[in-house]
Amino acid sequence: MTKTYDPEAIERAAREYWDAHRCFEVDEEPGREKFYCLTMFPYPSGQLHMGHVRVFTISDVIARYQRMQGRHVLQPMGWDAFGLPAENAAIKHGVPPAEWTYRNIDYMRGQLQRLGYAYDWRREIATCRPEYYRWEQWLFTKLFEKGLVYRKNAVVNWDPVDQTVLANEQVINGRGWRSDALVERREIPQWFMKITAYADELLADLDRLDGWPEPVKIMQRNWIGRSEGVELTFDVEGEAEQLSVFTTRPDTLFGVTYMAVAAEHPLAERAARGNPELAAFVEEARHTQTAEASLETMEKKGKPLGIFAIHPLTGEKLPVWVANFVLMSYGTGAVMAVPGHDQRDFEFAQKHGLPVKQVIAPADGSPVDLSQRAYVEHGVLVNSGPFDGQGFEEAFDAIAARLEADGRGRRAVHYRLRDWGVSRQRYWGTPIPIVYCEACGALPVPEDQLPVVLPEVVKFTGAGSPLKQMPEFYETSCPKCGGPATRETDTFDTFVESSWYFARYCSFDNNQSMLDEREAYWMPVDQYTGGIEHAILHLLYSRFWQKLMRDFGLSGFDEPFTNLLTQGMVLKDGAKMSKAKGNTVDPQQLIDRYGADTVRLFMMFTAPPEQALEWSDEGVQGAHRFLKRFWNAVQRFAEAEAPPPLDADALDEAQKELRRKTHRTITKVSDDVGRRYTFNTAVAAVMELLNAVQRFDDESPAGRAVVREALETSVLLLSPIVPHIGHALWQALGHASAAVDQRWPVADAAALEEATIEIVVQVNGKLRGRIQVAADADAAAISEKALADDNVRRFVADRVVRKKIVVPERRLVNLVV
RNA sequence: GCCGGGAUGGCGGAACUGGUAGACGCGCCGGACUCAAAAUCCGGUUCUGGCAACAGAGUGCGAGUUCGAUUCUCGCUCCCGGCACCA
């Protein structure tokens with residue numbers, strides 16, 4: 001009787017083998033080629049979701065494949081453990097965030113182990129542990145000393161009812177998600193990291209990241225947004241204050257017809273005093289949201305301040321408006337408006353009856369219609385006094401030089417990238433290691449007083465951070481003068497923890513320093529895999545921290561991730577699967593019912609990794625059915641007497657054909673898994689091979705020897721994807737050594753040779769026939785045979801063959817008649 | 001709004017460098033086994049016409065380049081991701 005496929009039992013046995021032999025615990029072996037395989041670590045939300053299973057499986061397949069290639073593979077796992085959901089759970093269920101988080105980690109670790117991932121669990125880290133976050137506190141204090149962090153005011157979403165700062169996610173249609181109160185914009189002092197100091201390098205090094213997807217590099221380039229332009233100042237009539245603006249189009253300077261400032265701009269605030277209508281507008285503008293998407297899509301509104309700026313070159317009077325789409329915190333809080341040549345300025349001018357002035361004309365002299373839209377192309381200057389007739393470059397230089405000579409401006413490079421605000425007014429995060437002293441100001445916590453430990457036992461109400469109610473936390477003494485001082489109660493943005501964890505895995509147990517020489521062995525990460533949603537922020541911050549760590553002598557590498565694979569979302573009913581949307585499918589139920597291998601196989605087979613994966617419950621059974629067939633085929637083979645060794649020279653045609661299929665499959669799967677990362681087509685290829693084996697009816701010793709080769713090959717090729725069944729079947733085929741320690745199969749070139757090939761024949765690009773020719777047939781022989789084909793002759797008939805296109809390597813002939 | 005991506009049978013997807021559209025799987029239909037069902041196995045399955053051989057149409061929409069376009073170019077539509085405090 002054939003043993004039935006029992007995933008529960010065989011998966012347990014395989015795990016026990018890997019654990020007992022410490023297969024995935026790796027230490028540095030200088031001189032041996034390493035492969036650091038990493039996924040973006042999970043937030044411990046409670047249970048694994050399908051997105052986790054997908055990304056971890058992709059990475060595990062790559063890690064196991066690389067191991068079979070003979071490389072020394074490190075694959076660690078950890079927890080991005082700080083974050084908002086823990087606070088929400090605390091509010092909802094009254095469980096302290098720490099307790100909730102540790103409980104989730106314990107549960108999810110069990111789930112990961114059940115899925116059979118090849119992790120070195122000794123290296124597990126959780127970012128909420130002081131042993132971890134102490135090092136980012138330490139580096140932050142070093143950055144402080146170097147002037148790479150600073151404090152300034154920045155805007156937050158303020159919920160006036162809950163008296164708390166809201167994340168953008170918690171603002172629904174301009175209202176607080178719990179209070180439903182109208183959210184206000186409020187400026188508070190916050191800590192910033194000077195990522196803009198690295199803007200040029202972050203931009204330039206993208207060109208060297210050959211292993212990154214092009215779209216990700218383009219998005220990062222656009223995000224950094226380097227632009228060359230001119231900074232200039234406008235005098236304001238009757239005011240001491242000047243308006244500073246930046247423009248990338250100094251060539252349009254003569255087309256400025258008005259200025260716009262933010263609601264918080266001092267000019268607007270002053271004008272609003274004693275003008276109730278203006279005051280109301282300024283107040284209303286305070287309620288716009290902080291998210292850029294809302295700013296860009298909201299109705300553009302404005303009011304004239306009754307103040308006039310003076311054009312720096314013409315002396316014209318330009319009305320100054322307050323506008324809701326200009327933000328005080330980005331740039332200078334003021335913009336010059338050129339409605340003739342900027343579409344947003346144009347729309348605003350049309351709405352408010354402001355003049356539109358043409359100062360650029362097409363170089364070919366064709367007319368411009370400024371009644372419908374702005375003309376935004378480069379061109380030749382008109383209506384621009386001494387600069388008329390100049391092109392973009394020439395005018396840019398000349399106007400910049402003129403402003404510079406007048407002391408009214410200078411050329412400048414600006415970035416869209418803004419410094420990284422790392423302060424969060426939340427409890428469940430890394431305490432920012434700063435002390436405030438009345439006499440000495442803001443000071444970093446001295447190294448010997450680190451870490452600043454976050455108290456884990458707290459009363460959590462949801463109204464503000466509990467740290468603000470804990471004098472035992474915030475009361476301290478000044479490290480400089482020894483007088484009374486208070487600690488910063490804000491915590492770091494959780495992106496800080498995830499910006500360097502990849503390096504810490506290498507030095508996970510060092511309590512003397514952040515990183516050590518082991519980092520030099522393992523870093524950089526050879527393969528990093530994670531969701532496409534992290535294409536900009538997480539990946540950019542990580543690149544930034546890598547450069548910081550390099551500049552502080554902690555690392556020798558410029559970039560953290562050599563190759564990047566961005567995995568698509570798991571969608572359900574067209575939307576991202578998430579708890580918030582309530583459309584999750586629990587992987588645990590599928591694991592319990594079908595086993596880890598079925599879930600892994602289904603995930604890899606259903607879609608290529610970079611594509612969004614639309615979930616469907618059907619198909620899981622198909623994956624399970626395939627594993628059962630696979631299992632039964634190998635078991636049936638193993639029960640019969642073992643065939644003699646394969647003699648490749650003594651095979652009949654059918655045996656040669658199956659053997660050719662086996663070796664073609666090796667070629668195909670090696671390319672799919674090793675280069676293309678298209679695991680779906682790799683699985684399909686092995687399925688085809690198994691279909692061929694099942695159709696192959698030959699019980700002779702030579703036939704069985706060919707089947708054995710096909711089955712052993714299938715087991716090895718699939719073992720990175722379904723490692724448990726791979727482990728069991730490799731044993732069943734009579735091997736004493738474990739599948740996990742086997743080398744990846746190599747195709748035999750001799751087995752791939754074939755005598756004849758099929759050529760498709762087209763007439764005028766349409767398929768009309770197929771012919772068999774010798775593999776080494778020349779073009780003349782091929783076209784002669786093509787013209788002899790019955791169906792081809794029908795379509796050629798008595799017409800003249802004008803052109804014969806013979807493409808032997810594509811196995812195609814096209815006859816143009 | 002801006003940046004990036006996507007759209008192929010009833011469904012997930014394949015076609016990698018411009019060269020056979022629909023591999024592989026799901027579902028469905030038919031058959032075998034069974035008292036019966038499940039499971040399993042065999043066959044069929046883009047649409048239209050045809051007993052068939054085969055023919056015509058067909059890769060979101062509209063143009064274009066080419067002997068030949070799912071693939072390249074231009075212009076659209078819809079969907080997804082990101083937009084700096086979700087992670």
Side-chain angles (χ1 to χ4, degrees), chain A residues 40 42-43 45 80 82-85 154 156-157 165-171 190 213-216 218-219 221-223 225 290-298 325 343-344 416-421 423-426 493-495 498 531-538 540-541 566 568-569 571 574-576 578 580 602 605-608 610-616 618-623 625-626 628-629 632 671-672 675-676 678 680-681 683-688 691 694 758-762 764-767 770 790-791 794 802-805 807 809-817:
Chain A
M40 294 178 189
Y43 177 79
S45 56
D80 188 14
F82 278 134
L84 212 45
V156 293
N157 301 307
V165 174
L166 298 178
N168 284 337
E169 187 189 56
Q170 300 171 314
V171 180
Q190 307 201 52
E214 205 55 42
V216 174
I218 294 170
M219 280 191 270
R221 241 173 239 132
N222 293 339
W223 184 263
T290 56
E292 189 187 310
S294 338
L295 282 171
E296 292 285 336
T297 49
M298 74 187 176
F325 56 86
Q343 189 57 24
R344 189 182 68 180
R416 210 187 74 93
L417 179 68
R418 305 195 297 266
D419 276 337
W420 177 13
S423 294
R424 296 293 179 271
Q425 297 69 47
R426 311 207 193 288
D493 178 2
T494 57
F495 273 124
S498 57
I532 182 66
E533 67 272 25
H534 294 295
I536 296 174
L537 291 178
H538 162 61
L540 192 64
Y541 292 150
T566 49
M569 306 263 157
L571 310 174
K576 179 180 174 177
S578 71
F602 170 71
F605 180 59
T606 300
E610 304 212 271
Q611 254 179 55
L613 185 155
E614 177 73 36
W615 179 265
S616 78
E618 301 122 3
V620 180
Q621 285 184 44
R625 193 178 306 156
F626 170 75
K628 274 197 284 191
R629 278 207 298 144
N632 291 335
D671 191 46
D672 286 352
R675 177 183 67 92
R676 295 210 304 154
T678 51
N680 54 330
T681 52
V683 172
V686 180
M687 284 175 169
E688 278 190 62
N691 288 342
Q694 306 213 302
E758 186 183 79
I759 299 262
V760 299
V761 185
Q762 297 179 336
N764 286 347
K766 287 199 182 253
L767 176 65
R770 294 160 195 276
D790 284 350
N791 203 46
R794 272 180 53 208
R802 285 176 31 215
K803 209 168 177 182
K804 292 177 199 164
I805 296 152
V807 195
E809 62 275 17
R810 294 285 191 182
R811 302 189 171 189
L812 174 135
V813 175
N814 189 14
L815 302 169
V816 185
V817 301

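A, B, ... follow the sequence lines: proteins, then strands. Residue 1 opens every chain. These numbers come from the heavy atoms of this one structure, side chains and all, not from hydrogens, waters or symmetry mates.
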Using a heavy-atom cut-off of 4.0 Å across all strands, would you classify A:His538 as base, sugar-phosphate, or nothing?
nothing
Kindly write out the residues that satisfy side-chain hydrogen bond (donor to acceptor under 3.5 Å, both in side chains) with A:Arg675, not counting sequence neighbours, or none if the list is empty.
A:Asp671
Students often get this wrong, so: under 4.0 angstrom with heavy atoms, is A:Gln190 touching a base, only sugar-phosphate, or nothing?
base
Looking at residues at least two apart in the chain, or sitting in another chain, which of them share a ring-ring contact (aromatic ring centres under 6.0 Å, His included) with A:Phe602?
A:Trp615
Are side-chain N/O atoms of A:Asn632 and A:Arg629 paired as donor and acceptor at under 3.5 Å?
no
Contact class for A:Val156 (heavy atom, under 4.0 Å): base, sugar-phosphate, or nothing?
base
Looking for any heavy atom pair under 4.0 Å, which part of the strands does A:Arg629 touch: base, sugar-phosphate only, or nothing?
sugar-phosphate
Give one of base, sugar-phosphate or nothing for A:Val760, where a contact means two heavy atoms less than 4.0 Å apart.
base
Can you sort out the partners of A:Trp223 under side-chain hydrogen bond (donor to acceptor under 3.5 Å, both in side chains), two or more places apart, ordered by chain and number?
none
Secondary-structure stems for RNA chain B, with pairs counted as Watson-Crick or G-U when both distances are under 3.5 Å and runs at least 3 long:
B:1-7 with B:77-83, B:10-12 with B:24-26, B:27-32 with B:40-45, B:46-49 with B:54-57, B:60-64 with B:72-76
With a 4.0 Å cut-off on heavy atoms, is A:Ala293 in touch with a base, just the backbone sugar-phosphate, or nothing at all?
base
What residues form a side-chain hydrogen bond (donor to acceptor under 3.5 Å, both in side chains) with A:Asn222, not counting sequence neighbours?
none
Who are the side-chain hydrogen bond (donor to acceptor under 3.5 Å, both in side chains) partners of A:Asn168, not counting sequence neighbours?
A:Asn157, A:Thr290
Identify whether any heavy atom of A:Arg416 sits under 4.0 Å from a base atom; if not, whether one sits that close to sugar-phosphate; answer base, sugar-phosphate or nothing.
base
